[in-house]
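Written below as structure tokens is the structure these notes are about.
Keep in mind that what you see is a predicted model, and the values were worked out from it rather than measured.
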Amino acid sequence: MKYALITFGIGGTAIALIEVFNRRAHLQQFVDALKWKLRALLHAHPLPRNLTGWNPAPSTKDNDVWEQETRRVYSYWMYLQPFFKTKGYLIFEPMNDSQWFQLIPARFEHPTPSKRRSDYPYSRKGYTDDKSLQFTYFSTRVWPARDFDGNEVVIRIVSDKEPSEELLIWRRLDSPTLRNHARNRTIPVLEYLEFDGLIFIVMPWWSSPGQNDFATCAEVLNMADYVLDYVDFLHEHRIVHRDLDVRNMGLNIVNNGTLDYPKGNHNPDEALYAFMDFGFSLIYPYETQLDGVTTTLRYGWEIEDVHPERNPFKLEVHCVVERLQFYVRVVEKHIPQIGPFFDDIVNAEEAERPFAREVLQRFRQMKASLTPEQLNAQLQDRYWLDGKFKAKR
């Protein structure tokens, strides 16, 4: 009986200490959150309050100037580290002083086992430990993080107090009507965060499809179908992405950053694709006729900023199909009809360029004509460029 009382006494003391610790932790979280509310209310912080201040200065060939500008915005993210923590996110940290642009997970402070999820909207785990989980800081608008359950996310600044075109697009695509639409392959928004008029979105981290090996023709064509279907979906809802290629796509896996082209991740039974980054995008009223608008703006990777008047919807289809060739024409050795499919669209005169719906229908008709042997053929090439195939190593 005495031992039971002693054991109970020790256990009771431990529980009491845990309760005190938890109360202190919750109190500290409350105080930290209050501090950040006051900073926002009083504008007592060094952050630019307009979205343009989060962009580096115009591109320069001077590496020192580029690094200075990139570090300037980098410092804003590091300043916000405690703010994001009050919202339940631990942002990644620089690997070291010399590799400040290589970001790695922050030390996980919570002793509970990870509750990381691999189901939608989160991604499969393609890495073995945190040493192989790296994120290269190349866009000043985004930063990697983890939530307190261990799920990898990406935080993106999308607007200031004056709603940006990008925020309006996110709101349209994330509206109750479209959020769960079967064709809406936009990366899901997990949460909107606001600090002194600056609007951030939190998204699940999905790695780029181009970082993973395509094993068969079926895998490549499955990815292409996602792309063409999504372009048609965007245009149906009067949105032009204006920079749509694999850099702004995600595959539902977080890759091991130390591996080149890991295998097995594009299996159509498991692979999902999502689209993101609407910083260049255009949004039109729903009543807009697809053939009734023009723009002089460049498309994503085009060099000149201003161009003659062009239809933005047809232009997007042309540019997306032209860029898709890089990954998709590797199937041409097994599926020769893919060549004419691309050539007819890419080489069409501007006035004759098709809209997204027609291209999607052509693609699916071509795909439906293929044999199982063609679809299951193993790929030996990594990409196609200017009529030449680049073999896998």
Show every donor-acceptor pair shorter than 3.5 Å between a side-chain atom in residues 377-384 and any protein atom, with sequence neighbours excluded, or say none if there are none.
| unit_1 | atom_1 | unit_2 | atom_2 | d |
| --- | --- | --- | --- | --- |
| D381 | OD2 | K333 | NZ | 2.9 |
| R382 | NH1 | D213 | OD1 | 2.7 |

Side-chain polar contacts of residues 283-292 - donor-acceptor pairs under 3.5 angstrom, sequence neighbours left out - could you list them?
| unit_1 | atom_1 | unit_2 | atom_2 | d |
| --- | --- | --- | --- | --- |
| Y286 | OH | H237 | ND1 | 2.8 |
| T288 | OG1 | P285 | O | 2.8 |

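Considering only heavy atoms from C-beta on, L251 stays 4.5 Å or farther from L272 through its side chain. For the pair L324/L228, a side-chain contact is recorded, criterion being any heavy-atom separation below 4.5 Å from C-beta on. The side-chain heavy atoms of H45 and D196, taken from C-beta on, include a pair separated by under 4.5 Å. Under the 4.5 Å side-chain criterion, counting only non-hydrogen atoms from C-beta, Y76 is not in contact with L198. The shortest distance between side-chain heavy atoms of D229 and R364 falls below 4.5 Å. No side-chain heavy atom of V320 sits less than 4.5 Å from a side-chain heavy atom of D245. Taking the side chain as every heavy atom from C-beta outward, R172 and R238 approach each other to under 4.5 Å. Within the 4.5 Å cutoff, the side chain of E166 has no heavy atoms near those of the S281 side chain.
Between D343 and R329 there is a salt bridge, since a side-chain N of the basic residue sits under 4.0 Å from a carboxylate O of the acidic one. Of the charged side-chain nitrogens involved, none lies within less than 4.0 Å of a carboxylate oxygen, so that E349 and R353 do not count as a salt-bridged pair.
Ring to ring, Y226 and Y273 are close: their centroids are under 6.0 angstrom apart. For Y74 and Y137, the ring centers are positioned less than 6.0 Å apart.
Residue K131 qualifies as open at atom NZ: its count of foreign heavy atoms under 6.0 Å is 12 or below. Heavy atoms of other residues, nucleotides or ligands lying less than 6.0 angstrom from CD of E352 number 12 at most.
Here the straight-line distance linking atom CZ of F83 with atom CH2 of W36 works out to 7.5 Å at 0.5 Å rounding. Note: L370 CG to C217 SG = 8.5 Å, rounded to the nearest 0.5 Å. Separation of atoms OG1 (T371) and CD1 (I335) is listed at 8.0 Å; rounding is to 0.5 Å. Taken to the nearest 0.5 Å, the NZ atom of K314 stands 13.0 Å off from the CD1 atom of I345. Taking CD1 from I199 and CD1 from I157, the interatomic distance works out to 9.0 Å, rounded to the nearest 0.5 Å. The structure places CE of M223 at 11.0 Å from CG of N212, a figure rounded to the nearest 0.5 Å.
Of the possible polar contacts, one joining the N311 side chain to the F313 backbone as a donor-acceptor pair under 3.5 Å is found. Between the side chain of T295 and the backbone N or O of L297 there is at least one donor-acceptor pair closer than 3.5 Å. With hydrogens and angles disregarded, a donor-acceptor distance shorter than 3.5 Å links the side chain of Q325 to the backbone of E322. Formation of a donor-acceptor pair under 3.5 Å by the R179 side chain with backbone atoms of D174 is found in this model.
No side-chain donor from either of N50 and D160 sits under 3.5 Å from a side-chain acceptor of the other. With 3.5 Å as the limit, one finds a donor-acceptor pair spanning the side chains of R124 and N252. Judged purely by distance below 3.5 Å, without hydrogens or angles, the side chains of Y327 and R323 never pair a donor atom with an acceptor atom. No side-chain N or O of H241 forms a donor-acceptor pair with one of E316 less than 3.5 Å apart. In the model, R116 has a side-chain atom that pairs as donor or acceptor with a side-chain atom of S118 under 3.5 Å.
Applying the side chain to side chain donor-acceptor pair (under 3.5 Å) rule to Q134 yields the partners Q102; only residues at least two apart in sequence or on another chain are considered. With sequence neighbours excluded, the residues that form a salt bridge (Lys or Arg N to Asp or Glu O under 4.0 Å) with R310 are E302. Every residue meeting the side chain to side chain contact (heavy atoms under 4.5 Å, CB included) condition with P46, not counting sequence neighbours, appears here in chain and number order: Y79. Shown here are the salt bridge (Lys or Arg N to Asp or Glu O under 4.0 Å) partners of R357, two or more places apart in sequence or in another chain: D232, E236.
Residues R117 and Y120 share a closest heavy-atom pair of NH2-O, 3.6 Å. Residue V246 comes nearest to S208 through the heavy atom pair O-OG, 3.3 Å, listed as atom of the first residue, atom of the second, then distance. For the residue pair P312 and V240, the shortest heavy atom distance occurs at O-CG1, 3.8 Å. When every heavy atom of A218 is checked against every heavy atom of P268, the shortest pair comes out as O-CG, 4.5 Å.
Tracing side-chain contacts under 4.5 Å through hydrophobic residues (I, L, V, M, F, W, Y), one reaches V189 starting from I187; they form part of the same cluster. W143 is not connected to M95 by any chain of hydrophobic side-chain contacts under 4.5 Å among Ile, Leu, Val, Met, Phe, Trp and Tyr, and they are in different clusters. Each of L282 and V231 belongs to its own hydrophobic cluster when Ile, Leu, Val, Met, Phe, Trp and Tyr are linked at side-chain heavy-atom distances under 4.5 angstrom. Both L360 and L221 are part of a single hydrophobic cluster, where members link through side-chain heavy atoms under 4.5 Å apart. There is no path of hydrophobic side-chain contacts, each under 4.5 Å, that joins V65 to V73.
The aromatic rings of F214 and H266 lie parallel to each other, with less than 30° between the two planes, well short of the 60° mark. Taking the six-membered ring where the residue is Trp, Y230 and F233 present parallel rings, their angle staying beneath 30° rather than reaching 60°.
With W54 as the aromatic partner, R141 does not meet the cation-pi criteria of under 6.0 angstrom to the ring centre and within 45 degrees of the ring axis. A cation-pi arrangement is present between R242 and F280 under the rule of less than 6.0 angstrom and at most 45 degrees off the ring axis.
Of the residues listed (I91, V202, L90), the one engaging V153 in a side chain to side chain contact (heavy atoms under 4.5 Å, CB included) is V202, and it is the only one. Applying side chain to side chain contact (heavy atoms under 4.5 Å, CB included) to L133 and the options N256, V254, I104, T258 leaves one that passes, V254.
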N96 and Q99: CA distance, side-chain angles, deciding distance, side-chain hydrogen bond (donor to acceptor under 3.5 Å, both in side chains) verdict
CA-CA 5 Å; N96 51 52; Q99 293 177 293; 3.1 Å; yes
